[in-house]
There are 2 protein chains.
Amino acid sequence: MDIETAETPDLAKSKRDRILEAAATVFCQDGYTGASIDAVATKAGVSRQTIYNHVGDKDGLFKDVVAALTEKSAANFLLLMEDFPERPENLEAELTAFSARLLNHVTQNKTSRWLLKLAENESGRYPELFTVWREFGSGRKRSMVAAQLSQLALNGYLEFDDAALAARQYLALLTAEWRTEFQLGRFPSEEECAGMAERAVKTFLRAFARR
Amino acid sequence: MDIETAETPDLAKSKRDRILEAAATVFCQDGYTGASIDAVATKAGVSRQTIYNHVGDKDGLFKDVVAALTEKSAANFLLLMEDFPERPENLEAELTAFSARLLNHVTQNKTSRWLLKLAENESGRYPELFTVWREFGSGRKRSMVAAQLSQLALNGYLEFDDAALAARQYLALLTAEWRTEFQLGRFPSEEECAGMAERAVKTFLRAFARR
DNA sequence: ATATTTTTAGACACTATTGTCCAATTGGAC
DNA sequence: GTCCAATTGGACAATAGTGTCTAAAAATAT
């Protein structure tokens, strides 16, 4: 489901899910202060009172949104990481394919994008919340990537001193073009993701492939 | 002057400058909707009416803030770029030194940080504004870096196919650690900038230094 | 010293939002 | 069909913010 066309709430989902989903979009669009409970209620196709029944108040709503997104995002990422190549026949091709999937997930997946935007915008308001997110969210992801890269190094495909740094740089290269071109509203297509992944992996391997 | 300790407005500056400076901090802290004119007035040490006299309304205030920041940031960046090494004796050392200065500027300089944060947060509200910023701000910067990298390639130090891509990846590597570690409130010290620059340049040269 | 412009503080109407209360309605479980 | 919990819509007070107006004060120019 697309953000822009999601005006009709999905009646199959539970009230609670619809509230959290709607709240996520509204918070991201308007920021914490700008988001109104009424707007969330309308978008969720739910009365305002129901929201208060479920989450208490605006603070509770925000915290529940972040908690739900963090959890979902982690689960998705875990699933994705299973495809990381460990003993590839063609390193560049397989790493590129994986990277394209990863990038596609990060940029297209509503959950990831929302969480990222919320983290950037509201970290000042809820530092504790995003300390947790950083540790179990982005930090956890980076260390998963680092572990896989170490595996590749061990298997003789790569060489580097610091796996954590390599992981950070890998992710930075992968999202380099997205950050500058797409973050302001637009989202890359699958083909664009594939192109970005290809260019990122090419540079990454120029730096870290075993010679 | 530090953001946190800037409670006492600088009386030497013109009213207008003080208003724009205060407005920038408040907008960044609270977002467009969350920022109140009263808060800006207090922080600027100015009456609310004066703000309305100068900039018309909240929209005008926001646009003027962005305009002022864009201009200042471009000027600063131009100045910085003059130090980019063109015929270095020690490529890695000189590029690292330049990169450290660049990173320090980007992360420490109030203007840059404010603009970046505003761009990320309010791009949905003012797409035109940030299209302009992207073209003349970040886009302009990237093409300046690309030009310098091309120069280094021409002079036999580097080799790559696409200078614009190399510039993007250079900047991505340079800010990789900052994005993940520091963006949520903390700012790197000069030493930390030096370290990040060193690691970024090392990887960049592994990928692009002429062999 | 005087005239002119800028600034100030506070009052003001207007709107938006939060969070609460409640009576009426709905929907599922049994 | 009856019961119980969840939900609804709407009214409500309380608060906060925008933008306007005004008369007094301050700064600036002449």
Side-chain angles (χ1 to χ4, degrees), chain A residues 6-68 118 121-122 124-126 129, chain B residues 6-68 118 121-122 124-126 129:
Chain A
E7 300 305 339
T8 313
D10 182 353
L11 298 178
K13 291 187 177 166
S14 78
K15 288 249 151 76
R16 185 155 216 285
D17 285 353
R18 270 160 52 202
I19 290 171
L20 292 183
E21 193 164 338
T25 65
V26 176
F27 275 133
C28 288
Q29 239 175 49
D30 304 336
Y32 180 84
T33 321
S36 86
I37 305 280
D38 284 308
V40 174
T42 305
K43 197 167 208 102
V46 144
S47 86
R48 187 175 62 243
Q49 187 57 49
T50 304
I51 295 182
Y52 282 102
N53 288 344
H54 276 283
V55 298
D57 58 3
K58 198 177 180 181
D59 250 56
L61 177 59
F62 184 68
K63 284 175 181 160
D64 282 8
V65 165
V66 174
L118 280 173
N121 290 6
E122 308 298 345
R125 199 179 312 279
Y126 294 95
L129 212 53
Chain B
E7 300 305 340
T8 313
D10 183 353
L11 298 177
K13 290 184 177 167
S14 78
K15 288 249 150 74
R16 185 156 215 285
D17 286 352
R18 269 160 52 201
I19 290 171
L20 293 183
E21 193 164 337
T25 65
V26 176
F27 276 132
C28 289
Q29 238 173 51
D30 304 336
Y32 180 85
T33 322
S36 85
I37 305 280
D38 285 307
V40 174
T42 305
K43 200 170 204 96
V46 144
S47 86
R48 186 174 65 244
Q49 188 58 48
T50 303
I51 295 183
Y52 283 103
N53 288 344
H54 276 282
V55 298
D57 59 2
K58 199 177 179 179
D59 250 56
L61 176 60
F62 184 68
K63 284 175 182 160
D64 282 9
V65 165
V66 174
L118 279 173
N121 290 7
E122 309 299 344
R125 199 180 311 279
Y126 295 93
L129 212 54

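In what follows, every chain begins at residue 1, and chains take the letters A, B, ... in the order their sequences are listed. Note that these values count all heavy atoms, side chains included, but never hydrogens, waters or copies made by symmetry.
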task = Check the distance between C/dT8's C1' and B/Tyr52's OH and give it to me in whole angstrom.
result = 15 Å

ask   = Are any of the side-chain heavy atoms of B/Phe27 and B/Val66 separated by less than 4.5 Å?
value = no

query = What are the two closest heavy atoms between B/Ala41 and B/Ser47, and how far apart are they?
reply = CB-C, 4.1 Å

ask   = Of A/Lys15 and B/Asp57, whose closest DNA chain D nucleotide lies nearer the 5' terminus?
value = A/Lys15

ask   = Side chains of B/Phe62 and B/Leu118: closer than 4.5 Å at any heavy-atom pair?
value = yes

inquiry  = I'd like to know if the side chain of A/Thr50 and the backbone of A/Val46 have a donor-acceptor N/O pair within less than 3.5 Å.
reply    = no

inquiry  = Within 45 degrees of the ring normal and closer than 6.0 Å to the centroid, is that where the cationic atom of B/Lys58 sits relative to B/Tyr32?
reply    = yes

First of A/Gly56 and A/Gly34 reached from the 5' end of DNA chain C, by closest nucleotide = A/Gly34

request  = Mind checking B/Ala35 for me? I need base, sugar-phosphate or nothing, with any heavy atom below 4.0 Å counting as a touch.
outcome  = sugar-phosphate

key: Pairwise distance CG(A/Asp57) to CD1(A/Ile51) - rounded to 0.5 angstrom   = 12.0 Å

inquiry  = Considering every strand and a 4.0 Å limit on heavy-atom distances, what is the contact class for A/Ala41: base, sugar-phosphate, or nothing?
reply    = nothing

message = Reading DNA chain D in the 5' to 3' direction, which nucleotide is the first one with an atom under 4.0 Å from a heavy atom of chain A, and which is the last?
response = D/dT7 to D/dA11

Check the interface with nucleotides 9-12 of chain C: list each N/O to N/O pair with the protein under 3.5 Å, or write none.
from   : atom 1 : to      : atom 2 : distance (Å)
C/dA11 : N6     : B/Arg48 : NH2    : 3.1

query = A/Asp38 has an atom CG; how far is it from atom P of C/dG19, in whole Å?
reply = 11 Å

ask   = Do the non-hydrogen side-chain atoms of A/Thr25 and A/Val40 ever get within less than 4.5 Å of each other?
value = no

query = Would a 4.5 Å heavy-atom cut-off, applied to side chains only, mark A/Leu61 and A/Ile19 as touching?
reply = yes

query = Could you give the CD1-to-P distance, from A/Ile37 to C/dT18, as a whole number of Å?
reply = 5 Å

note = For B/Ala68 and B/Leu20, the nearest pair of non-hydrogen atoms, with its separation, is CB-CD1, 4.0 Å

inquiry  = Can a donor-acceptor pair be found, under 3.5 Å and without considering hydrogens, that links the side chain of B/Arg48 to the backbone of B/Asp38?
reply    = no

inquiry  = For C/dT6 and B/His54 - does any side-chain N or O of the residue sit under 4.0 Å from the phosphate oxygens OP1/OP2?
reply    = no

query = Roughly how many Å is it from NZ in B/Lys58 to P in C/dT15, rounded to a whole number?
reply = 18 Å

Test item: A/Arg16 and A/Asp64 side chains (from C-beta on) under 4.5 Å apart, heavy atoms = yes

task = Starting from Watson-Crick (N1-N3 plus N6-O4 or O6-N4) and G-U wobble pairs under 3.5 Å, report the runs of at least three that DNA chain D belongs to.
result = C:1-30 with D:1-30

